[in-house]
Amino acid sequence: MLGVHFALANKTSDSTNDPVTETLSQAIRGTGEELDREPDTGVLFGSLRGSVVGLRYYTGVVNKGEMVSLVRQPQNPYDRNAVMVANVYGSQVGHIKRELAALLANIMDNNLARVEGVVPFGVKNQFTMSVVLSFWGKEENRDAVVRQITSRSFKLQTGPTGTHTHADTGTLIASSWVISCLTVCLKNAFDNLFENLMEDKIGEREAVEAVCTPLLPHQKQALSWMCVCENNVALPHFWEVKGGLFYNTLTHSSVRERPQRVRGGILADDMGLGKTLTTIALILSNFHHGKPLCEPVSCSFAGGSCLLPEHRRPSSQSHSHHLPLISTQQLAGEKTKTLLHICAHTNCQTHTHPNKQSLDQHVRADVKLNVYLYYGSERNRDTHFLSSQHVVLTTYNVLSAEYSVSGGWVCGSASPLHTVSWLRVVLDEGHIIRNPNAQQSKAVLKLNTQRRWILTGTPIQNNLRDLWMLVAFLRLKPFDVREWWNRVIQRPVTQGDKTGLQNLQALVKCVTLRRTKTSRVCGRPLVSLPERSVRIEEVELTQKEREEYELARTEGRTTISRYVAEGTVLKNYADVLAILVRLRQFCCHPDLLGKTTTHTGVVAATPAELRERLIVKLRLVLGTGSDEECAVCLNSVRLPVITHCAHVYCRPCIAQVIRSEQEQARCPLCRGQIKASELVEFPLEEEEEGSNLLENWRSSSKVEALMSSLLRLRSEDDSIRSLVVSQFTRFLTILEIPLREEGFKFVRLDGTMSQKRRAQVIQEFQSDAPGSPLIMLLSLKAGGVGINLSAASRVFLMDPAWNPAVEDQCVDRCHRLGQKRDVVITKFIVKGSVEENMVKIQRQKQDLVEKAFGTKNPGERNTSRVDEIRALMEL
DNA sequence: ACCGCCGGGTGCC
DNA sequence: ACCGCCGGGTGCC
């Protein structure tokens with residue numbers, strides 16, 4: 001047990017009932033976090049066969065094909081190069097043989113590569129076994145690693161396995177596109193996952209009478225499912241009992257002890273299907289042992305079947321629901337009785353808290369539910385008090401603030417929320433914790449609770465990595481440890497491995513309930529929505545516009561065909577993008593290009609010119625609706641800056657990177673050198689330009705097309721409201737002039753507005769008060785998901801988006817619950833322009849997504865991307 | 001016999 | 001470990 005002992009000695013003991021396993025998995029987790037900074041950027045250098053020794057001293061079991069993790073043990077007294085081998089569950093299996101350990105220690109300690117192990121055969125004896133080690137790292141470290149390995153007379157096998165790197169800009173942009181396609185596909189996978197499952201496997205369950213709002217059938221199903229998730233002790237289907245052990249079919253690993261089942265899950269129903277109501281029903285209906293929280297005093301908790309162990313009780317039982325009363329005596333002595341409900345709102349005014357309101361709204365007035373709003377400087381931090389509440393509502397901010405101050409676990413000054421043993425923690429708008437580096441995410445992971453729920457309408461917002469945090473919060477073993485998630489799910493899926501995707505689906509399926517507006521229950525739609533129809537309106541350019549357009553197009557074609565001939569399309573992707581965006585802007589309005597337009601394709605000689613080019617690109621990147629996220633914080637870019645290598649980040653994020661890496665600072669996306677002095681941001685001239693735009697206003701064919709539609713619509717039915725959507729906020733500004741001229745009352749919603757202002761605008765637009773606006777000018781990506789614009793039933797999409805899913809999402813803002821009219825969508829497309837080609841490409845998009853999945857070779861994907869550009873430019 | 005060979009004892013790092 | 005390694009016993013075939 002020496003190895004275990006030393007692992008323990010390394011760590012501050014973090015109290016759990018199984019310190020050995022816990023510490024071991026912490027040690028493993030620790031190494032995982034180190035490498036998290038660049039989780040997918042590794043290239044496979046190669047692999048080699050080695051042996052694991054000392055099996056007889058440890059209890060960890062490993063099956064054929066199982067992955068193992070390698071953990072350095074620098075404190076081992078027999079060999080400071082020691083490398084411990086542990087299985088998926090963190091149980092030690094053995095050690096790497098001495099000579100090989102010396103090699104690994106060198107590589108691992110110098111961070112030259114990440115080393116992963118797989119056991120190729122079943123274990124043949126009790127003393128040693130084979131292990132295949134693979135080395136993953138940055139391209140620039142490949143030579144050093146290979147040298148280390150060969151100089152110690154080991155042979156590195158470099159197989160034909162597809163490797164992928166994000167080494168150059170072109171590849172990066174292309175693969176971020178592929179990832180967005182993957183995301184679309186994953187979203188579809190999410191949406192389809194539960195289509196066939198609901199009716200036969202999930203029953204319905206009535207809420208207790210304390211819930212005064214009647215549940216719809218799909219909400220009763222969700223309640224039933226949630227109760228099963230909390231009460232049922234059966235393991236998910238990817239566990240099998242084999243030879244007295246628990247065998248995980250995803251990781252091919254076995255454990256002796258029954259794995260801890262997730263008590264809870266992800267309720268990922270679409271916005272508006274009633275997640276909050278269902279959760280309130282759960283809170284009241286499924287307290288301890290499947291009993292309601294609010295029961296009449298006459299039915300004592302101590303009585304009868306309540307004492308039976310949970311697994312011996314029928315899982316779906318009907319209770320008699322009398323007038324609910326809360327008796328504190330009933331609850332006294334129970335250790336975990338309180339729900340912690342965490343939500344996004346920072347509004348501290350007691351009476352306007354939305355979650356408090358929905359509790360009040362859905363719970364009978366005669367039910368005395370102790371609900372405490374835990375925020376504001378005067379909040380009661382007493383843990384006994386908190387424990388005595390039925391429900392505590394708090395915010396992510398409060399949680400993480402307390403956690404960071406106290407360090408979460410330090411005795412004496414511990415965060416009250418981290419001290420209480422909760423019965424259940426519910427994360428409202430759970431996608432907020434998708435960034436594992438954020439304090440609030442770390443704080444959430446450390447909460448002590450029996451049951452865990454995540455409510456979110458958008459389980460995957462940007463990419464797969466978002467999901468890990470949710471899995472980690474649920475403690476879905478073993479994927480709550482990053483290494484296993486990365487190896488079993490993340491890397492295979494991002495490399496287009498079908499098995500990886502299947503595994504992901506299996507995993508998601510066992511903890512998630514997701515229905516969309518279009519899901520069906522018992523052959524009937526979950527909710528019935530009015531029809532929606534799309535029509536494409538072709539716009540002819542005027543003679544003069546056509547001439548100008550052709551000029552710009554010819555110029556762009558010349559540049560791009562040169563890149564195509566040179567094979568440097570992807571390398572000059574920023575330029576290519578700029579040309580395409582200019583043409584698309586032209587299709588909307590000639591003045592969209594702005595005065596800062598520079599000649600693309602001409603190499604910038606002076607810093608001033610480079611700067612101007614970068615600003616143009618920055619504007620393009622942020623203005624195209626391409627859903628730009630900062631690769632450092634994974635959130636939408638705030639205070640945008642662009643690097644010389646043309647990548648956009650939040651200024652504080654990239655500044656932090658540069659500060660910590662100093663002279664060696666490299667762009668997190670392309671690994672190009674970056675310096676703080678070379679970060680370029682927007683000049684403060686936007687206002688000026690805007691007014692310039694309006695002073696010499698002129699119309700365009702597309703403006704005319706829109707205006708005639710709007711005028712016709714108003715003359716036919718002046719109660720119909722419209723969304724006018726563009727990716728170019730400057731175009732929205734241009735549109736304001738004719739709208740005013742024709743006397744349309746309108747509001748505008750774009751990404752530059754504060755949350756408060758957005759809420760105002762939305763309220764104004766949704767209001768049916770006389771004189772409220774008929775039109776909303778909407779920038780394609782403004783507002784994010786979930787905003788409700790159901791007052792509108794007409795949508796005018798002024799310019800096509802790269803990603804059709806973004807358009808759908810936008811339309812969904814009015815085609816949703818609460819929509820009374822049929823929704824008509826008009827897409828304006830300029831005839832004989834890039835826009836037409838974009839629409840064609842949109843149609844092929846699904847095929848391309850399939851291709852992205854089918855291929856392992858990133859080269860192929862890039863080729864299809866180049867083809868796409870050629871198609872756009874008709875080359 | 002300062003070797004080779006045999007066979008028993010032994011075994012992670 | 002049905003190995004390798006170590007060290008003692010042994011010694012033509």
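Residue numbers start from 1 in every chain, and the chains themselves are labelled A, B, ... in the order their sequence lines are given, proteins ahead of strands. Because only heavy atoms are used, hydrogens play no part in the values below, and waters and symmetry mates are left out as well, while side chains stay in.
Atom OH in A:Tyr78 sits roughly 13 Å away from atom P in B:dG11 (whole-Å rounding). Rounded to an integer number of Å, the gap from CD of A:Gln126 to P of B:dC12 is 12 Å. We find that NE2 of A:His95 is positioned 15 Å from C1' of B:dG11, with the value rounded to whole Å. Rounded to a whole Å, the CE atom of A:Met108 is 16 Å from the P atom of B:dC13. A:Arg98 places its CZ atom 16 Å from the C1' atom of C:dG4, with the value rounded to the nearest Å. One can place CG of A:Leu104 at 15 Å from C1' of B:dC12, the figure rounded to the nearest angstrom. A:Phe127 places its CZ atom 14 Å from the P atom of B:dC13, with the value rounded to the nearest Å. Taking atom CD on A:Gln73 and atom C1' on B:dC12, their separation rounds to 11 Å, with Å as the unit.
Annotation: C:dT10 and B:dC5 have their C1' atoms spaced 9 Å apart (nearest Å). Rounded to whole Å, the separation between the C1' atoms of C:dC6 and C:dA1 comes to 15 Å. Rounded to the nearest Å, the gap between the C1' atom of B:dC3 and that of C:dC12 is 15 Å.
A close approach under 4.0 Å does occur between a side-chain nitrogen or oxygen of A:Arg56 and OP1 or OP2 of B:dC12.
Looking at heavy-atom distances under 4.0 Å, A:Leu55 makes no contact with the nucleic acid at all.
Summarising the base pairing, C:dG9 is matched to B:dC5 through a Watson-Crick or G-U wobble pair whose two defining distances lie under 3.5 Å.
A:Glu139 and A:Arg671 are not joined by a salt bridge, as no carboxylate oxygen comes within less than 4.0 angstrom of a charged side-chain nitrogen.
Using a 3.5 Å distance cut-off with no hydrogens or angles, the side chains of A:Tyr649 and A:Thr643 do not pair a donor with an acceptor.
B:dA1: glycosidic angle within 90° of 0, hence syn.
Which of B:dC13, C:dA1, B:dC12 sits closest to the side chain of A:Tyr58 comes down to B:dC12. Between B:dC13, C:dA1, B:dC12, one nucleotide has an atom nearer to the side chain of A:Tyr57 than all others, and that is B:dC12.
Residue pairs meeting the salt bridge (Lys or Arg N to Asp or Glu O under 4.0 Å) criterion with at least one partner in residues 115-130 of chain A, sequence neighbours excluded, are A:Arg114-A:Glu116, A:Glu116-A:Arg487, A:Glu116-A:Arg491.
Residue A:Asn76 places a side-chain atom within donor-acceptor reach of the base of B:dC13, judged by atom type and a 3.5 Å distance cut-off alone.
For A:Asp109, the salt bridge (Lys or Arg N to Asp or Glu O under 4.0 Å) criterion is met by A:Arg72, not counting sequence neighbours.
Aromatic ring orientation, A:Tyr58 versus A:His95: perpendicular (interplanar angle above 60°, classes split at 30° and 60°).
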